[in-house]
Structure formats: C-alpha cells, structure tokens
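See below for the structure under consideration.
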Amino acid sequence: DDLYIDYKINIDVTGGEPINGLTLEDRLPKGLTVESVKLDGKALALAADGGSGDYTVTPDEATGLNVLHYTFPETPANVRKAEFAIRAALTNDYYAQYLNDNKINTTFANKASLRGRDNALQKESGETNTTINTSFFTKEGKQNELNGNLFDWIITVNTHFSEFVDAWI
C-alpha cells in the first residue's frame, strides 16, 4: 500500500444547521485521484460520466486538480455527523513518472471544504501534508564473509500496480 494515501474527513456539527443539502468538496493535490470513498463505513459508488452514483470526481478546469464532490441527501433529516474514509492513488501520469524514475518522493498538500446549496463556501479544513516515498526496484548486496567472490543479493520489486507478462529479473 505504499502508493496509496488513506485519509479521513470528519464532519461534526455541534450547533447550527444540519449538513443535509451541503456538499463536501475535496480538492485532491496534483498527481492524485480518488480510488474509493466510504461514508460512515459504507462504500460509496462513483457516479461516472453522468451515471448514477453517490459521488463525483471531476477535473477543475482552472487548476486541473481532481475534485471529489459528495452532496448530503435531504433524508434522513438532521444529519450532523459524517466520517469519510478516502483512498487516493497516483494518477496515470504520476505513476508513469514513478516507473520511469524508479522512485517517488513527493509531498501532497490537501484541504477539504463544505459548500452550501448556493455553492458558497461554508467551512474549510486546515491543510494536511502527506509524503509518498518509495522505490519501484531496489537491489542490495552483501559480500559473503567466507568467500569474497560471492554476494547475497536482496532484490525488491514493488509490483502492486504492475502487470508483468514474460518478465524476468
């Protein structure tokens, strides 16, 4: 799971109006997209290409960032608490760069917000930073103590997202 970022967004309204009809907006940093979303432990479905689903992920035309949107339904009424568990993954471009460079060491900064029915900003979170620092392929050798001509090699390949056919090391 080195190439995923798992995080939570908690909403807790202790006073004021409930969050029914409001929209959670999570602007993912450049290089990340949404892999999955759960609300209070229940998996939500992506509404892709105008289809049915619970949330959308669309690119912001001005910034190019992927933006997650979830609008709280009107029922059940008086919703005041919600916990989102979000799994983000590298975009195809960032993953290709990771493979090309054999590593990634990037810090991603993120904020989430709640918007009203009129799209006006209601509340914004503080900024959170997360770093992905991993390699695709590493090779370490240790010289044999009894025979200096022999080495013990440890080769690690992060194949989590890769599909190899007729590959060899």
query = Does any non-hydrogen side-chain atom of Leu46 lie less than 4.5 Å from one of Val57?
reply = yes
inquiry  = Under a plain distance cut-off of 3.5 Å, with no hydrogens placed, do Thr91 and Thr33 share a side-chain donor-acceptor pair?
reply    = no
request  = Name all pairs fulfilling the salt bridge (charged side-chain N to carboxylate O under 4.0 Å, His left out) condition that reach into residues 51-65, sequence neighbours left out, sorted by first residue then second.
outcome  = Arg27-Asp60
inquiry  = Looking at Asn149, is its backbone amide N or carbonyl O close enough to the side chain of Asn147 to form a donor-acceptor pair, meaning the two atoms are under 3.5 Å apart?
reply    = yes
inquiry  = If you compare all heavy atoms of Ile19 against all heavy atoms of Leu114, which two are closest, and at what distance to 0.1 Å?
reply    = CG2-CD1, 4.3 Å
ask   = Is a side-chain donor or acceptor of Thr75 paired with a backbone partner of Ala77 at a separation under 3.5 angstrom?
value = no
Evaluation steps, salt bridge (charged side-chain N to carboxylate O under 4.0 Å, His left out), between Glu25 and Lys123 = CA-CA 10 Å; Glu25 180 180 270; Lys123 188 75 174 170; over 6 Å; no
ask   = Donor-acceptor pair, Asp40 side chain versus Glu83 backbone, under 3.5 Å?
value = yes
From CA spacing to verdict: side-chain contact (heavy atoms from CB on, under 4.5 Å), Leu121, Arg115 = CA-CA 5 Å; Leu121 181 64; Arg115 295 198 171 268; 3.8 Å; yes
Ile9 reachable from Leu65 in the ILVMFWY side-chain graph, under 4.5 Å edges = no
query = So, for Lys38 and Ala43, which heavy atoms are closest and what is the spacing to 0.1 Å?
reply = CG-CA, 3.9 Å
key: Inter-residue atom distance Ser135.OG - Tyr98.OH, 0.5 Å rounding   = 7.0 Å
ask   = Are Ile155 and Leu99 co-members of a hydrophobic cluster defined by side-chain heavy atoms under 4.5 Å apart?
value = yes
query = Got a sec, which residues hit ring pair (Phe, Tyr, Trp, His ring centres under 6.0 Å) with Phe84, two or more places apart in sequence or on another chain?
reply = Tyr70, Phe72
Closest contact, heavy atoms only, Ala88 versus Leu28 = CB-CD2, 3.9 Å
query = Which heavy-atom pair separates Asn144 from Leu146 by the least distance, and what is that distance?
reply = OD1-N, 2.9 Å
ask   = Any side-chain heavy atom of Phe136 within less than 4.5 Å of one from Asp101?
value = no
query = Can you check side-chain contact (heavy atoms from CB on, under 4.5 Å) on Thr58 and His69, steps first, answer last?
reply = CA-CA 8 Å; Thr58 55; His69 291 98; 4.0 Å; yes
query = More than 12 foreign heavy atoms under 6.0 Å from CD of Gln143: is that the case here?
reply = yes
message = Please check: side-chain N/O of Asn20 versus main-chain N/O of Pro76, any donor-acceptor pairing under 3.5 Å?
response = yes
request  = Would you check if Asn133 and Ile104 make a side-chain contact, meaning some heavy-atom pair closer than 4.5 Å?
outcome  = no
ask   = For atom CG of Leu150, is the number of surrounding heavy atoms from other residues, nucleotides or ligands below 6.0 Å larger than 12?
value = yes
query = Between CG of Leu90 and CD of Gln97, what distance do you get to the nearest 0.5 Å?
reply = 11.0 Å
ask   = Any chance CD of Glu17 has more than 12 other-residue heavy atoms, nucleotides or ligands included, within less than 6.0 Å?
value = no
inquiry  = Donor-acceptor pair, distance only, cut-off 3.5 Å: does the side chain of Ser125 make one with the backbone of Ala112?
reply    = yes
request  = Quick one: closest heavy-atom pair of Leu32 and Asn66, and the distance?
outcome  = O-ND2, 3.0 Å
message = Please determine whether the number of non-hydrogen atoms from other residues, nucleotides or ligands lying under 6.0 Å from atom CG of Asn92 exceeds 12.
response = no
request  = Apply side-chain contact (heavy atoms from CB on, under 4.5 Å) to the pair Leu39 and Tyr55, showing each step before the final yes or no.
outcome  = CA-CA 11 Å; Leu39 173 57; Tyr55 69 96; over 6 Å; no
note = When every non-hydrogen atom of Lys111 is compared with those of Asp26, the smallest separation belongs to O-OD1, 3.4 Å
ask   = Should Asp152 and Lys142 count as an ion pair when the cut-off is N to O under 4.0 Å?
value = no
key: Within-4.5 Å side-chain heavy-atom neighbours: Phe108 and Ile132   = yes
ask   = Are side-chain heavy atoms of Val67 and Thr56 found at a separation under 4.5 Å?
value = no
message = For a 4.5 angstrom cut-off between non-hydrogen side-chain atoms, does Asn110 reach Tyr7?
response = yes
request  = Report the hydrophobic cluster partners of Trp153, with the cluster defined as I, L, V, M, F, W, Y residues connected by side-chain heavy atoms closer than 4.5 angstrom, directly or transitively.
outcome  = Phe151
